[in-house]
Amino acid sequence: MPRAYDAASVEQRIYQTWWDAGYFVPRTDPDRQPFCVVMPPPNVTGELHLGHALTASLQDALARWHRMCGDPTLWLPGKDHAGIATQWVVERALAAEGTSRHDLGREKFEERVWEWVRLYGNTIDEQHRRLGASCDWSRLRFTLDPGPVHAVRTTFVNLFDKGLIYRHERIINWCPRCATALSDLEVEYEEQDGKLYHIRYPSADNPDDGVTVATTRPESMLGDTGVAVHPEDERYADKIGGMVTLPIAGRQIPVVGDTAIEMEFGTGALKVTPGHDIVDFEIGERHNLPILTVIGFDGCMTDAAGPRYSGMERFAARDAVVAELEAIGVLEGVEDYHHSVGHCQRCNEVVEPLISLQWFLNVGKHDQPGTIAGNAYGAVVNRDIEIVPDRFSRVYLNWLENIRDWCISRQLWWGHRIPVWYCAACGGHSAHVDDPAACSQCGSADIEQESDVLDTWFSSGLWPHSTLGWPDAQSADLEYFYPNSVLETGYDILFFWVARMIMLGIENTGDVPFRSVYLHGMVLDAQGQKMSKTRGNTLDPLDLLEQYGTDALRFALTTGTAPGNNLRLSDEKLESARNFANKIWNAARYVISVVETRAASGNDELGDWYHLPAPANREDRWIVSRLDGLTAAVNQALSAFELGEAQQKIYDFAWNDFCDWYIEMAKVRLRDAASADAGVAATTLVHVLERSLRLLHPFMPFVTEEIWQNLTARISATGVGLPASIMVSSYPVVDTPRSAPDAESDVEVVMQTVRAVRNMRAQLRIPAGQKLEAAIETNGMGAVVEEAKEVISVLARVEPLRVLDAGESEAMSGISLVVNPLVVRLPLEGVDLQAESDRLRRELDSRRQDETRKEQLLANPNFVSKARPEVVENERQRLRSLTEERQRIEDIIAQLDA
RNA sequence: GGGCGGUUAGCUCAGAUGGUUAGAGCGUCUGCUUUACACGCAGAAGGCCGGGGGUUCGAGUCCCUCACCGCCCA
């Protein structure tokens with residue numbers, strides 16, 4: 001084994017062996033509760049970024065843990081056609097070639113996208129393999145596969161036939177560049193510097209009087225059909241019910257009173273443009289104002305804007321309108337104004353609210369039981385679905401409380417084409433799962449399918465069941481793996497995706513899609529900035545895993561962070577994780593070298609190293625007790641989705657308890673290779689290492705497998721029945737009562753003793769190579785110290801070390817270290833006795849303070865009567881120990897002063 | 001305008017159900033080629049847990065309030 005762990009030389013080889021062995025494919029067992037998680041399907045043309053790496057690391061850790069626990073485990077991978085995103089990418093490619101989708105036509109364009117998918121669609125799968133993702137590639141799904149397509153159509157037709165899907169003309173968010181409708185969620189609001197224009201609309205009966213309105217979008221005034229003021233606004237009391245003249249257009253429009261108007265904002269008068277503003281649309285509905293569309297689907301002014309503006313691009317029209325308003329003297333002022341403007345999530349174009357004929361899903365209201373929204377609301381309120389961390393439950397519920405019908409149609413060519421057919425003969429339309437040959441109402445063959453496609457999230461909303469075979473009720477996978485166990489994803493798509501899956505999952509199957517939702521945070525750069533291509537601060541996970549190793553990348557992404565919290569990724573964090581992989585590697589190299597050396601000299605008996613039911617040696621009892629404590633804590637943390645905590649605990653145990661202390665202590669016993677105790681130590685080393693590897697495997701799959709293979713190849717596993725790979729071995733559980741608090745506290749005293757001597761050596765600047773003479777007063781711990789004599793001697797570099805008999809005391813000439821109950825005497829030459837006395841007095845003072853604090857606490861009758869008994873007992877014991885320690889220091893000072 | 005999160009060591013972050021002396025990584029300082037590891041070892045310094053108030057025998061943890069930063073929704 002090389003001195004340093006070389007990730008590059010092992011990862012791809014190991015991954016291949018796992019896949020070849022079929023470990024990723026679940027072995028279903030009707031008697032066992034399965035574990036199932038579906039991968040959030042990445043865009044089919046996408047490339048792996050750190051968000052994918054994070055989500056995959058977490059899902060893989062969960063999947064590997066459950067698989068090792070013996071649960072039939074399915075991690076189902078897939079990809080999303082990502083309608084608007086993919087169409088956008090291909091359209092850009094076409095533009096570069098000097099052509100467009102309109103030149104190609106719908107069919108040729110679709111074929112072109114499929115070509116693109118065939119070319120780049122596998123990239124991200126390969127990248128997931130590099131990450132070590134243990135997903136079942138034999139079940140890989142694509143949202144445009146026949147199964148999911150069938151599920152989408154079935155869902156649509158069911159909802160259509162129930163009357164919940166309807167077509168309606170309504171104001172929606174429109175992206176003029178993508179030329180499609182967007183859902184509310186696909187609009188991103190950005191704060192921008194703009195202008196607030198004050199425009200006077202003269203009164204119809206008195207052109208010298210009028211109402212001044214304030215707007216950030218003066219071009220939209222061409223579509224105004226009213227002015228609204230608050231009914232209680234005294235400034236406008238005489239205007240309500242009257243008419244004003246719309247400048248430029250010259251139309252007369254009414255002034256209405258509406259309580260939605262904020263009197264404090266602007267002039268307190270709002271121009272109402274029902275055709276181009278969602279709030280105005282609602283005001284218009286309340287007052288029966290006509291709707292005028294002055295901006296078209298192409299982002300240019302329509303004929304309704306008047307001959308001078310018709311055909312003019314909307315922002316050019318803004319300038320022209322302002323100029324004209326100024327010219328005719330109604331522009332009363334312009335002020336700088338900071339406001340938020342909606343942009344297309346995909347192409348960043350400024351979104352235009354427009355009246356348009358679209359398809360909607362009626363989701364009902366959250367407080368109407370039995371509606372889609374009502375069921376989705378109830379599932380979380382009733383805890384049928386648990387969201388981790390819990391605070392996102394409220395975010396989810398708040399969103400549902402304000403939900404509106406979902407605009408599901410998109411004017412795109414790439415996606416699930418809406419399965420509705422219009423009949424030219426009878427004018428009717430109907431929805432069908434299978435393409436019909438003729439009108440279902442009049443039988444005419446003159447039918448045509450709706451040209452719109454569905455919102456991408458409509459199909460991903462079916463993901464937990466559409467991937468498992470729904471609507472085929474006979475599907476074994478659906479029967480066995482639905483509901484999924486966990487849905488793991490980022491909080492940024494809680495509404496887009498998680499909420500839709502809950503809505504459509506319950507609608508289609510009558511059951512929740514998953515039991516738990518685990519939400520992770522966003523990966524930020526070292527400065528806490530969101531990573532984005534435009535900022536140029538993205539890190540490529542492929543580069544990182546080559547540089548640091550996949551295990552290090554995974555560990556860095558998932559350790560030291562709590563669920564739902566963002567994390568900053570830095571070189572330091574990656575280095576630290578890589579160092580940890582290397583630390584484990586080297587600890588293993590040592591243990592393996594011990595096994596090999598012993599085997600070479602015929603000492604290859606390791607006994608029942610796998611179970612190690614009842615170690616006898618104190619140090620072994622200590623490390624095994626610590627290991628069991630770790631095992632319990634890790635299992636508990638994993639059950640609570642606290643993966644970061646679990647990993648931190650393994651890290652601490654492996655590095656501190658095992659490497660820094662146990663291995664170093666074991667070396668002392670291993671010096672006499674022929675001794676029985678050396679064999680016992682070797683056995684414990686193997687036991688602890690092997691279990692630690694299994695604990696760590698879900699998080700660092702590659703290095704643990706590589707070590708595990710190296711280790712198990714060199715040891716006899718008679719009677720254990722070791723599997724061929726660590727990934728199908730069993731996850732450690734605390735199954736034997738090996739807890740040894742006495743050994744833990746005894747070894748703690750030994751470690752404190754070593755630390756105290758080392759500390760003093762450093763303070764006195766005694767070179768590491770120089771041995772020190774020492775004597776220890778044992779005060780009741782004679783047996784422990786006697787047995788640990790060699791360990792203390794070697795680790796603290798004291799020699800000779802005398803263990804004093806009970807009652808025996810050392811004549812005082814040097815330094816005394818109190819490690820209660822022990823006193824370590826270092827009879828150094830030339831110690832300044834006054835300085836030593838001062839040092840001890842300082843220590844005494846600090847001890848007395850602690851003691852006084854404890855005494856006061858225990859003297860408080862409220863504490864003694866109200867605190868839990870075990871807490872009080874704890875404090876009493878602590879006080880006894882402090883008192884004892886204080887007395888020992890006092891004794892030494894007395895000797896010194898004598 | 002409403003809501004959520006954050007504020008803990010120089011930096012980045014952990015700290016279930018309130019309970020010993022608040023932890024880690026990185027960084028800093030002092031030593032060390034101690035045969036698993038310098039991607040390392042040993043030692044050390046560094047914190048009125050954002051401010052204020054409250055509940056409690058006891059608060060980083062629970063409640064109220066204020067401030068600043070970030071995010072979501074409108």
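The chains referred to below are lettered A, B, ... by the order of the sequence lines, with proteins before strands, and numbering in each begins at 1.
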In terms of side-chain geometry, is the basic nitrogen of A:Glu843 or A:Arg839 positioned less than 4.0 Å from the acidic oxygen of its partner?
yes
Testing the 3.5 Å rule here: is there a donor-acceptor pair between the side chains of [X] and [Y]?
X: A:Asn579; Y: A:Glu575; answer: no
X: A:Glu706; Y: A:Tyr5; answer: no
X: A:Asp390; Y: A:Ser393; answer: yes

Checking N1-N3 plus N6-O4 or O6-N4 for Watson-Crick, or N1-O2 and O6-N3 for wobble, each under 3.5 Å, the partner of B:G5 is B:C69
Scan every strand shown for a Watson-Crick or G-U wobble partner of B:U34, both distances under 3.5 Å, and answer none if you come up empty.
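Per the H-bond distance test, none.
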Could you check whether [X] gets within reach of a base, just the sugar-phosphate, or nothing at all, counting any heavy atom under 4.0 Å?
X: A:Asn565; value: sugar-phosphate
X: A:Arg758; value: sugar-phosphate
X: A:Ala577; value: nothing

Whole angstrom value for the distance that separates P of B:G25 from CD of A:Gln648
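Checked: the CD to P distance equals 8 Å.
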Nucleotide B:C39, atom C1' - distance to OH of A:Tyr548 in whole Å:
11 Å
Considering only heavy side-chain atoms of A:Asn586, the closest of B:G5, B:C37, B:G3 is B:C37
Of the nucleotides B:A36, B:U12, B:U34, which has the atom closest to the A:Arg797 side chain?
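Nucleotide nearest to A:Arg797's side chain: B:U34.
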Polar side-chain contact [X]-[N] base: donor and acceptor under 3.5 Å:
X: A:Lys667; N: B:A36; value: yes
X: A:Glu664; N: B:A36; value: yes
X: A:Arg878; N: B:U21; value: yes

Are any of [X]'s side-chain N or O atoms less than 4.0 Å away from OP1 or OP2 of [N]?
X: A:Arg853; N: B:U21; result: yes
X: A:Arg568; N: B:C13; result: yes
X: A:Asn579; N: B:G40; result: yes

Residue that, paired with A:Phe496, satisfies ring pair (Phe, Tyr, Trp, His ring centres under 6.0 Å) out of A:Tyr396, A:Trp457, A:Tyr491:
A:Trp457
Determine the Euclidean distance between corresponding P atoms of B:A14 and B:C73; express it in Å to zero decimal places.
23 Å
